[in-house]
Structure formats: structure tokens, C-alpha cells
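Contents: one structure, followed by commentary.
Keep in mind it's a predicted model, so treat the numbers as computed, not measured. Side-chain atoms are counted along with the backbone in the values below, which use heavy atoms only and exclude waters and symmetry mates. In what follows, residues are counted from 1 in the order of the sequence shown.
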Amino acid sequence: MAEVLVYVDHVDGAVRKPTLELLTLARRIGEPVAVALGAGAADTAAVLGEHGATRVLAHDASEYADYLVVPKVDALQAAVEAVSPAAVLVPSSAEGKEIAARLALRIGSGIITDAVDLEAGEAGPVATQSVFAASFTTKSRISKGTPVITVKPNSAAVEAAPANPAVSELSVTFSAQATGTKVTGRTPRESTGRPELTEAAIVVSGGRGVNGSENFAIIEALADSLGAAVGASRAAVDAGWYPHTNQVGQTGKSVSPQLYIANGISGAIQHRAGMQTSKTIVAVNKDAEAPIFDLVDYGVVGDLFDVVPALTEEINTRKG
């Protein structure tokens, strides 16, 4: 069976959930070979093996932390040359898509971004995408070179498939461009204790109808009762009610959770483009004609200031 390279997104050896999803998808089209780079790379082997990685190619060098994405592109190119894989899978984060695009250019291959599903095909992997602001679903494959595919978080359920991966050192020669852009400082993001927005299984968002930054406490309370991430529409972000890092939409972040709850959000195409692939969508809006209701699985026509606190109370009661 052909091997499939999976780029490992990890922090000091702690593997992030989108990588485990990629391993599940990789097993559909071949044998997963994980590529782990940077500090703690070798420490990822146990978790990667639990989820089906048959091999782990690890490499640690200061360049991965001191410079931007080019060192990682150099390493993935070296892995492609060493393995000759059937495909390369990368998480669809902002950094992941830049790495994938640079890699595809380097190796003369096609690229598919933001896939939401992956299956084996006679002529290579077939990727499913949600395109044109999620108005259409397409299936496509790459016809030239080694397919490079980025996959949106929450596109596949994580499935255990215990293996005993061999860990080997990846030989990497950094290019002249690798040290062209240096990282001069880092500021840790303040932790809210909530899940990462793009990886969360449940997202609770607020929009213009929240009517003020102080009222986002209602949205946060519902999110906390569900163990969810908090999102915001562009209108709420532009008004200064919530940070841009939490914006969901075409000019914000794309999410694809199991459950998306939109509160006081009209459902403009800009917002829909960032959340329309959610598995189950619930909306609360007092305007029965709001476009969001054309999209939802469940809709509540009512004032969010009545509905959301009541929902939060009911969830907390049932949990208790």
C-alpha cells in the first residue's frame, strides 16, 4: 500500500487534534507516515502510533522556531523525496495552507485546500470541498505530481488504530531562503480556558443582535455550559464587541464543528461562508425572515436575551 505523508501540528510534542483527524483520513488512501518537526518532535511518536502512523520522520532544529514557514517546507520537501508518497496531507490552518502552497510549487504538484472529506480513487485521492461561500460541494483530484491537500479541522472523527511506528531521523538541508524571515518575538495568547475556535466540536457565536460587548457574557455563559468555543460575526467584531481572533466568516476563521449555535446573527453570505459546513446548525433570532433560517437544522424565533439564558440554565440543570 502506498504511503501518505501527514504533517504533524504539535506544540512541544503535544499533538493537536487536526493531525489525528488527518491520520484517520490518510488510512483511507494508504499507510500514514507522520512528519514531526521542531522541539519535541520525537515525543509525538506514541500518540501518532495510537492513531495509525506506521512511521514517524522526526527532525529538530532551531530554524523551525527561529524563522517562519520555509524551514518546514524544506523538511516536507525532503520527506517527499525520501518517501515518494501517494499524497501529502496538511491541516488547513493559516500556516498549514502556506506550507502546503509552497511545497506544491516546489515539487511541481497541484494543491487542494480546505477539503472536508477524502477518499481513495482509481487515479489518486478524491477530495470533497465546500466552495463558493459553501453554496456548492465539489469532488476533485490532482492530476499532476504528488497531491498536496489541506483538510479543515473537524472534517473527520478521530479513530484509534494502534500501530508501533518506527521513528527515524529525517535528513534535512535548509535552503538559503529558510533564514530570510526571522521571528523576533512572541507574545503568548491569553488563555480563556475554552477550546480553540477552529478545532472546537461546539461553537457558540454572537452577532449584531447581542447589542454590546457587555452582553457577550450571555454568549460566553452558554458556551461554557457546553464546553464550547466562542465566535462572533463580522458586525460584532467591527463594532468592537469581541476580538477579531474570534471572528467567524469569509474574512475571519472558517469552522466546521459538530454543533454551531448562532445568536443574533442575520446570516449574511460573509458569515455563512465561514460556518456552513457545520454538522448541525441552530439559530436564535427574533427576525423570522432572517436569512440564517434558510440554513439551519433548528431555528428559534425569539429574543436571544430570553432564549439563551433559559437554554444555559436548562443545560446546567441537566448537567447537575
Side-chain angles (χ1 to χ4, degrees), residues 6-7 9 15-28 51 89-100 111-119 125-140 148-159 194-207 219 222-223 226-234 237 244-263 265 267-283 291-292 294-299:
V6 173
Y7 174 72
D9 184 6
V15 180
R16 299 180 69 176
K17 180 171 170 278
T19 297
L20 305 182
E21 297 169 7
L22 290 187
L23 290 171
T24 298
L25 293 171
R27 294 199 306 273
R28 299 180 186 176
H51 294 85
L89 305 185
V90 181
S92 269
S93 62
E95 181 183 77
K97 284 188 276 193
E98 182 174 356
I99 291 171
I111 181 173
I112 292 174
T113 59
D114 289 336
V116 295
D117 199 6
L118 196 62
E119 59 191 89
V126 177
T128 301
Q129 292 168 286
S130 182
V131 300
F132 293 116
S135 298
F136 296 90
T137 298
T138 65
K139 288 183 178 290
S140 53
V148 179
I149 303 171
T150 76
V151 181
K152 293 180 70 172
N154 290 313
S155 293
V158 175
E159 298 175 3
R194 301 185 182 98
E196 168 65 30
L197 180 60
T198 57
E199 300 174 16
I202 304 174
V203 175
V204 179
S205 287
I219 306 301
L222 176 57
L226 293 166
V230 175
S233 71
R234 178 175 176 174
V237 169
H244 180 268
T245 51
N246 294 74
Q247 182 182 333
V248 174
Q250 202 160 27
T251 56
K253 293 181 177 178
S254 293
V255 299
S256 188
Q258 297 298 313
L259 173 63
Y260 187 87
I261 305 178
N263 302 283
I265 297 175
I269 190 65
Q270 193 276 343
H271 186 77
R272 293 171 61 153
M275 46 66 73
Q276 195 160 338
T277 56
S278 303
K279 309 304 183 292
T280 301
I281 301 171
V282 177
I292 193 73
D294 295 333
L295 176 67
V296 302
D297 298 286
Y298 303 97

Within a strict 4.5 Å, meaning less than it, do heavy atoms of the Lys17 and Pro153 side chains meet?
no
Output for pair (Ile269 CD1, Leu295 CG), nearest 0.5 Å, gives 9.0 Å
Step by step, would you call His51 with Thr19 a side chain to side chain contact (heavy atoms under 4.5 Å, CB included)?
CA-CA 10 Å; His51 294 85; Thr19 297; over 6 Å; no
Looking only at heavy atoms, what is the nearest atom pair of Pro91 and Tyr7, with distance?
CD-O, 3.8 Å
Do Ile265 and His271 touch side chain to side chain, with heavy atoms closer than 4.5 Å?
yes
Non-hydrogen side-chain atoms of Asn246 and Val237 separated by less than 4.5 Å
no
Between the OG1 atom in Thr150 and the CD1 atom in Ile111, the distance rounded to the nearest 0.5 Å is 6.0 Å
Go through Glu21 and Ser155 one step at a time and tell me if the side-chain hydrogen bond (donor to acceptor under 3.5 Å, both in side chains) criterion holds.
CA-CA 7 Å; Glu21 297 169 7; Ser155 293; 5.7 Å; no
Side-chain (Glu119) to main-chain (Val126) donor-acceptor, under 3.5 angstrom
no
Check ion pair Glu159-Arg27 (N to O, under 4.0 angstrom):
yes
Least distance between heavy atoms, Pro125 atom then Ile149 atom
CB-CD1, 4.2 Å
Taking Ser256 for the side chain and Thr277 for the main chain, is one N or O donor matched with an acceptor at less than 3.5 Å?
yes
Among Glu196, Met275, His244, Gln247, the one residue meeting side chain to side chain contact (heavy atoms under 4.5 Å, CB included) with Lys253:
Glu196
Any donor and acceptor pair, going by atom type alone, linking the side chain of Asp9 with main-chain N or O of Arg16 inside 3.5 Å?
no
Please name the pair of heavy atoms, one in Ala200 and one in Pro195, separated by the smallest distance, quoted to 0.1 Å.
CB-CB, 3.8 Å
Donor-acceptor check, side chain of Thr128 to backbone of Val116, threshold 3.5 angstrom: yes or no?
no
Only one of Ile112, Leu25, Leu22 passes side chain to side chain contact (heavy atoms under 4.5 Å, CB included) with Leu118; say which it is.
Leu25
Looking only at non-hydrogen atoms, find the nearest pair between Leu197 and Val203 and report the distance.
CD1-CG1, 3.8 Å
Between Asp114 and Lys152 (side chain of the first, backbone of the second, donor and acceptor by atom type, cut-off under 3.5 Å), is there such a pair?
no
Audit row: Arg272, Ile281, side chain to side chain contact (heavy atoms under 4.5 Å, CB included) steps and yes/no
CA-CA 11 Å; Arg272 293 171 61 153; Ile281 301 171; over 6 Å; no
Leu23 CG to Leu89 CG distance, which is reported to the nearest 0.5 Å
9.0 Å
Gap separating the CG atom of Asn154 from the CD atom of Glu199, nearest 0.5 angstrom
8.0 Å
Determine the minimum heavy-atom distance between Val6 and Ala26, stating which atoms define it.
CG2-CB, 3.8 Å
Atom OG in Ser205, atom CG in Asn263: separation rounded to 0.5 Å?
8.0 Å
Answer yes or no: is there a side-chain heavy-atom contact under 4.5 Å between Asp117 and Arg28?
yes
Taking all non-hydrogen atoms of both residues, which atom of Val204 and which atom of Ala228 are closest, and how far apart?
CG2-CB, 4.0 Å
